[in-house]
Amino acid sequence: MLLTTRGLSKVLQLTLAVIKPDAVANPVILEALHQSILDNKFAIVRRKDLVWKRQDSQKFYAEHSERFFYQRLVEFMSSGPMRAYILAREDAIRHWRGLMGPTKVFQARYSSPDCLRARFGLTDTRNTTHGSDSVESAQREMVFFFPDFKAEDWLETEEPAFRSGRIRYDSQKHVHVQT
Ligand code: UDP
Ligand code: MG
């Protein structure tokens, strides 16, 4: 575990979070999801609205290409606008996946009714959000969505300010910035 001498606080971790087309299509749900990110103490490092082509979808989910739901997933993820975020927090990967809840919406509603997928998901495919599942996939996925973002540079130059709370939320740009 990486610890610093300053207050022994843990270095912030970055993760890639996506609001999928089913949720972006509903402005009330989209706003509720954005607010959940803020309420759960994630710092928003980058934010981007985008639409995928089929090929983007296929490439991003290549690991699932043999699964029965792959075609449906590919169609869905290129069916309309999405919103991607780079989020920072202690243990961001685990916390974001915990907030999303189980992959399958009906299981999520049963086992964790307060999670985002239980509250807003429509089906096992149209399940509201995506979150990286490891440090390696977070790195790959951040680059996939934000090719210009250099995680190493961010950790060196911006992370200390984010960790010590020297940031504010810019309500025009909808990201956190250093004060
Ligand atoms: N998915 C699906 N049916 C399933 C399992 C997954 O349609 O039975 C979709 C769903 O949108 C999920 C995505 O495929 O979010 C990726 O699946 P994964 O197992 O990686 O789940 P996640 O990491 O998103 O929880
Ligand atoms: Mg996954």
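Both ligands and their constituent atoms are indexed starting at 1 by order of listing. Heavy atoms only: backbone and side chains are in, while hydrogens, waters and symmetry mates are out.
Within the structure, side chain to side chain donor-acceptor pair (under 3.5 Å) contacts touching residues 103-113 (residues at least two apart or in different chains) do not occur.
No continuous path of ILVMFWY side-chain contacts below 4.5 Å connects L122 to V18, so the two sit in separate hydrophobic clusters.
Checked by atom type, the side-chain pair E141/H130 shows a donor-acceptor distance below 3.5 Å. Checking N40 against S36 by side-chain atom types alone, no donor-acceptor pair falls below 3.5 Å.
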Exercise answer: donor-acceptor pairs, residues 52-60 side-chain atoms, under 3.5 Å, sequence neighbours excluded:
from, atom 1, to, atom 2, distance (Å)
R54, NH2, E75, OE2, 2.1
D56, OD2, K53, N, 2.8
S57, OG, V74, O, 3.0

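Alongside Y169, the hydrophobic cluster contains I19, V24, I29, L30, L33, I37, L38, F42, I44, Y85, L87, W96, L99, M100, L116, F120, V175, V177 (criterion: ILVMFWY side chains under 4.5 Å).
For ligand 1, the protein residues within 4.0 angstrom (heavy atoms only) are K20, Y61, H64, F68, F69, L73, R97, T103, K104, R117, D124, T125, N127.
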